[in-house]
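Just below is one structure, and these are the notes that go with it.
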Amino acid sequence: MSDTTDRKVADLAKALAHPARLRILRLLLATPGCIGGDIVDAVGLAQSTVSEHLRILKAAGVISGEISGPRVCYALNPEALSVLAEFVASLKVPDSADCCIPNPKAAT
């Protein structure tokens, strides 16, 4: 993987690294096109807190938000997670039972 890909994976992991953001993603998976106010009600956090979580997810490209009158309608962007999914899929147990164990440090 390149440094650019590593940065994308790290940014996505950081954006997903909060339980409220994971709840928001599950909600958007179950109800595509969810309105911001409905997300606030479903997540059970203050509107300003939910807005900050939505901002972080949107900045990472994980979700999109379209203005519909006085509301914002949010939806998942699953393509944004493909880099992270590929990285996680690459983390598999080696075929051999051998494991690389570093040599213990010599006592000084």
Give the table of side-chain donor-acceptor pairs shorter than 3.5 Å for residues 40-55, with sequence neighbours excluded, one pair per line with atom names and distance.
| from | atom 1 | to | atom 2 | distance (Å) |
| --- | --- | --- | --- | --- |
| Gln47 | NE2 | Ser51 | OG | 2.7 |
| Ser51 | OG | Gln47 | O | 3.0 |
| Glu52 | OE1 | Arg55 | NE | 3.0 |
| Glu52 | OE2 | Arg55 | NE | 3.4 |
| Glu52 | OE2 | Arg55 | NH2 | 2.7 |
| His53 | ND1 | Arg21 | NE | 3.0 |

Inset, instruction - Would you mind listing every ring pair (Phe, Tyr, Trp, His ring centres under 6.0 Å) that reaches into residues 56-85, with sequence neighbours excluded? - result: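 Listed once each, the pairs would be none.
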Legend entry - Of all pairs that satisfy ring pair (Phe, Tyr, Trp, His ring centres under 6.0 Å), the ones with a partner from residues 21-51, not counting sequence neighbours: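 As it turns out, there is no ring pair (Phe, Tyr, Trp, His ring centres under 6.0 Å) pair with a partner in residues 21-51 once direct neighbours are skipped.
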Do the non-hydrogen side-chain atoms of [X] and [Y] ever get within less than 4.5 Å of each other?
X     : Y     : answer
Leu22 : Pro19 : no
Ile56 : Val62 : no
Leu57 : Leu16 : yes

Inset, instruction - Please report the shortest heavy-atom distance between Cys73 and Gly33, naming the atom on each side. - result: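 So the two residues come closest at SG-O, 3.1 Å.
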Legend entry - Over all atoms of both residues, closest heavy-atom pair of Cys34 and Ile39: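 Smallest heavy-atom distance, with atoms named: SG-CG1, 3.7 Å.
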Inset, instruction - For Asp38, check salt bridge (Lys or Arg N to Asp or Glu O under 4.0 Å) against everything at least two apart and list the hits. - result: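 In terms of salt bridge (Lys or Arg N to Asp or Glu O under 4.0 Å), with neighbours along the sequence ignored, Asp38 is linked to no residue.
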Inset, instruction - For Arg26, enumerate each residue passing the salt bridge (Lys or Arg N to Asp or Glu O under 4.0 Å) test, keeping only those at least two apart in sequence or located in another chain. - result: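 Applying salt bridge (Lys or Arg N to Asp or Glu O under 4.0 Å) to Arg26 gives none.
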Inset, instruction - Could you tell me whether Asp11 and Arg7 have a side-chain N and a carboxylate O separated by less than 4.0 Å? - result: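 A salt bridge links Asp11 with Arg7.
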Legend entry - Residues which pass side chain to side chain contact (heavy atoms under 4.5 Å, CB included) with Asn77, listed by chain and number, not counting sequence neighbours: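 With neighbours one apart ignored, the set is Glu79, Ala80.
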Inset, instruction - Quick one: list whatever passes side chain to side chain contact (heavy atoms under 4.5 Å, CB included) with Ala30, sequence neighbours left out. - result: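 Partners of Ala30 under the side chain to side chain contact (heavy atoms under 4.5 Å, CB included) test: none.
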Legend entry - Common cluster, Leu25/Leu29, ILVMFWY with side-chain heavy-atom separation under 4.5 Å: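 In one cluster: yes.
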Inset, instruction - List in chain and number order the residues that pass side chain to side chain donor-acceptor pair (under 3.5 Å) with Arg71, two or more places apart in sequence or in another chain; answer none if no residue qualifies. - result: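 Partners of Arg71 under the side chain to side chain donor-acceptor pair (under 3.5 Å) test: none.
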